[in-house]
Enquirer: 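Below: one structure in structure tokens.
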Number of protein chains: 2
Amino acid sequence: MCLVRGVQLTPIRQQVLVLIWDSHKAVKAYDLLDRIKPQQNAAKPATIYRALDFLIEQGLIHRAGSLNAFIGCSCSDHQHELLLLICKHCNEVEERATPDVMQALSQEFNQAGFTAHSKAIEAHGICGKCSDFHSIS
Amino acid sequence: MCLVRGVQLTPIRQQVLVLIWDSHKAVKAYDLLDRIKPQQNAAKPATIYRALDFLIEQGLIHRAGSLNAFIGCSCSDHQHELLLLICKHCNEVEERATPDVMQALSQEFNQAGFTAHSKAIEAHGICGKCSDFHSIS
DNA sequence: TCAATAAATGTTATATTATAACATTACATT
DNA sequence: AATGTAATGTTATAATATAACATTTATTGA
């Protein structure tokens with residue numbers, strides 16, 4: 001994908017991307033910094049934030065504003081405007097493409113005369129797995 | 001409203017709320033800290049963050065996660081799950097109640113088996129006023 | 001090819017945002 | 001008055017993020 005776009009997925013950027021995809025939880029920048037140290041001994045905050053900026057620009061990850069954390073984008077090649085379902089219990093983040101919601105949103109933008117460049121929806125609550133577990137036990 | 005709920009809108013909390021409502025832009029915590037100093041000489045970060053926590057709990061303000069900033073909630077008495085339209089040009093934030101979007105969202109939660117406790121939608125772009133201005137000039 | 005340019009990274013420092021932990025005060029209830 | 005609770009004061013520090021400038025690496029174009 002990066003090849004096609006003529007941008008470089010350098011080792012640092014790739015390592016950060018892999019670390020983010022290592023779990024389905026939102027990851028903090030400084031956790032990434034700690035975890036990239038074995039491979040990038042000289043890594044500093046700027047190292048991470050630059051990689052994050054790049055990955056966000058390319059639509060490969062999202063910033064979860066409500067958490068000050070980052071999460072891989074599972075639909076990078078098509079639209080990556082999506083809904084993040086953040087579980088308070090297991091901390092996993094589910095991403096969903098939401099055509100209906102997005103269409104309703106677009107209408108709202110039109111009504112408001114607003115030109116949207118980016119949009120983000122974040123919901124906090126309890127995911128299916130965790131509520132199943134609780135109701136069983 | 002706070003009376004009805006049996007919670008205290010103390011001077012500090014009220015002053016913070018007023019300061020937030022002083023503009024329709026999202027306000028940073030440390031700006032609030034500076035601006036409350038004339039009235040609350042002893043104010044420290046904790047002073048502000050405690051007031052902000054209270055106001056968020058009561059649904060009187062929102063945290064705009066994508067900005068690390070805070071904005072008054074114009075619909076505190078009914079549902080305060082809403083859409084924030086953040087203008088990159090004038091920095092004003094318009095809030096809109098969005099029944100259609102919220103309904104589509106609820107369906108999405110059902111499908112995902114997700115129990116939502118809170119939801120936030122933030123859009124970045126250019127507001128009507130600013131795009132009018134640009135197209136005229 | 002090689003100089004010029006641009007892109008990425010290294011490095012140091014610091015700015016910004018937020019919370020922890022414990023002390024004190026204010027006020028209500030018994 | 002004693003007790004409890006909510007709010008605030010106070011000090012310190014943690015966590016998140018960027019600025020600014022130097023150096024290295026990749027790309028381009030003569």
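Quick caveat, the model's predicted, so the values are computed rather than measured. Order of the sequence lines fixes the chain letters, A, B, ..., with proteins taken first and strands second; residue numbering starts at 1 for each chain.
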Enquirer: Please give the remaining members of the hydrophobic cluster of B:Leu3, linking ILVMFWY side chains under 4.5 Å, ordered by chain and number.
Expert: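 Noted: B:Leu3 shares its cluster with no other residue.
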Enquirer: Starting at the 5' end of nucleotides 12-30 of chain C, put B wherever the base has a protein heavy atom under 4.0 Å, S where only the sugar-phosphate does, and a dash everywhere else.
Expert: B----BBB-B---------
Enquirer: Identify, with sequence neighbours excluded, every residue that meets side-chain hydrogen bond (donor to acceptor under 3.5 Å, both in side chains) alongside A:Arg13.
Expert: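 None.
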Enquirer: Identify each atom pair where a protein N or O and an N or O of nucleotides 3-5 of chain D are less than 3.5 Å apart, giving names and distance.
Expert:
none

Enquirer: Return the set of residues passing side-chain contact (heavy atoms from CB on, under 4.5 Å) with B:Asp31 (not counting sequence neighbours), or none when no residue passes.
Expert: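 By the side-chain contact (heavy atoms from CB on, under 4.5 Å) rule, B:Asp31 matches B:Val27, B:Lys28.
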Enquirer: Write out all pairs satisfying ring pair (Phe, Tyr, Trp, His ring centres under 6.0 Å) with one or both partners inside residues 100-121 of chain A, taking only residues at least two apart or from two chains.
Expert: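 Ring pair (Phe, Tyr, Trp, His ring centres under 6.0 Å) check on residues 100-121 of chain A returns A:Phe109-A:Phe114.
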Enquirer: Let's go through B:Cys73 and B:Glu95 carefully: what are the C-alpha distance in whole Å and the side-chain angles of both, what is the deciding distance for side chain to side chain contact (heavy atoms under 4.5 Å, CB included) to 0.1 Å, and is it a yes or a no?
Expert: CA-CA 8 Å; B:Cys73 176; B:Glu95 311 162 66; 4.3 Å; yes
Enquirer: What is the minimum heavy-atom distance between B:Leu84 and B:Ala64, and which atoms define it?
Expert: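 Where B:Leu84 meets B:Ala64 most closely, the heavy atoms are CD1-CB, 4.3 Å.
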Enquirer: Note down the inter-axis angle between the two ends of the helix from C:dT1-D:dA30 to C:dT30-D:dA1, five pairs each, to the nearest 10°.
Expert: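 For the helix from C:dT1-D:dA30 to C:dT30-D:dA1, the axes at opposite ends meet at about 30°.
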Enquirer: What is the distance, rounded to the nearest whole Å, between atom CD of A:Gln58 and atom C1' of C:dA8?
Expert: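 Checked: the CD to C1' distance equals 14 Å.
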Enquirer: I need the CD-C1' distance between A:Gln39 and C:dT9, as an integer number of Å.
Expert: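 One finds 16 Å between C1' of C:dT9 and CD of A:Gln39, rounded.
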Enquirer: Taking atom CG of B:Leu60 and atom CG of B:Leu55, what is their separation to the nearest 0.5 Å?
Expert: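 If we round to the nearest 0.5 Å, B:Leu60:CG and B:Leu55:CG are 5.5 Å apart.
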Enquirer: Going by the rule side-chain contact (heavy atoms from CB on, under 4.5 Å), which residues pair with A:Ser118 if we only count those two or more places apart in sequence or in a different chain?
Expert: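 Partners of A:Ser118 under the side-chain contact (heavy atoms from CB on, under 4.5 Å) test: A:Glu81, B:His124.
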Enquirer: Can you list every pair that meets salt bridge (charged side-chain N to carboxylate O under 4.0 Å, His left out) and has a residue in residues 96-108 of chain A, with sequence neighbours left out?
Expert: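 Found A:Glu94-A:Arg96, A:Arg96-B:Glu108, A:Glu108-B:Arg96.
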Enquirer: Under the side-chain contact (heavy atoms from CB on, under 4.5 Å) rule, collect the residues that match up with B:Glu92, sequence neighbours excluded.
Expert: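 Result, side-chain contact (heavy atoms from CB on, under 4.5 Å) vs B:Glu92: B:His24, B:Lys25, B:Cys90, B:Lys129.
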Enquirer: What parts of residues 10-17 of chain A reach DNA chain C, counting only heavy atoms under 4.0 Å away?
Expert: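 Only A:Thr10, A:Ile12, A:Arg13 qualify.
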Enquirer: Measure CG/A:Leu9 against C1'/D:dA26 and give the value in whole Å, please.
Expert: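 Going from A:Leu9 (CG) to D:dA26 (C1'), I get 15 Å.
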Enquirer: Return a table of donor-acceptor pairs under 3.5 angstrom between the side chains of residues 40-53 of chain A and protein atoms on other chains or two or more places apart.
Expert:
from: A:Gln40; atom 1: NE2; to: A:Gln15; atom 2: OE1; distance (Å): 3.1
from: A:Lys44; atom 1: NZ; to: A:Ala42; atom 2: O; distance (Å): 3.1
from: A:Thr47; atom 1: OG1; to: A:Lys44; atom 2: N; distance (Å): 2.9
from: A:Thr47; atom 1: OG1; to: A:Lys44; atom 2: O; distance (Å): 3.1

Enquirer: How close or far is atom P of C:dG10 from atom CG of A:Leu33, stated in whole angstroms?
Expert: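 It works out to 12 Å between those atoms.
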Enquirer: How close do B:Cys2 and B:Phe54 get, heavy atom to heavy atom, and via which atoms?
Expert: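 The pair with the smallest heavy-atom distance is SG-CZ, 4.2 Å.
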Enquirer: With rounding to the nearest 0.5 Å, note down the distance linking CD1 in B:Ile86 to CD1 in B:Ile126.
Expert: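 One gets 12.0 Å once the value is rounded to the nearest 0.5 Å.
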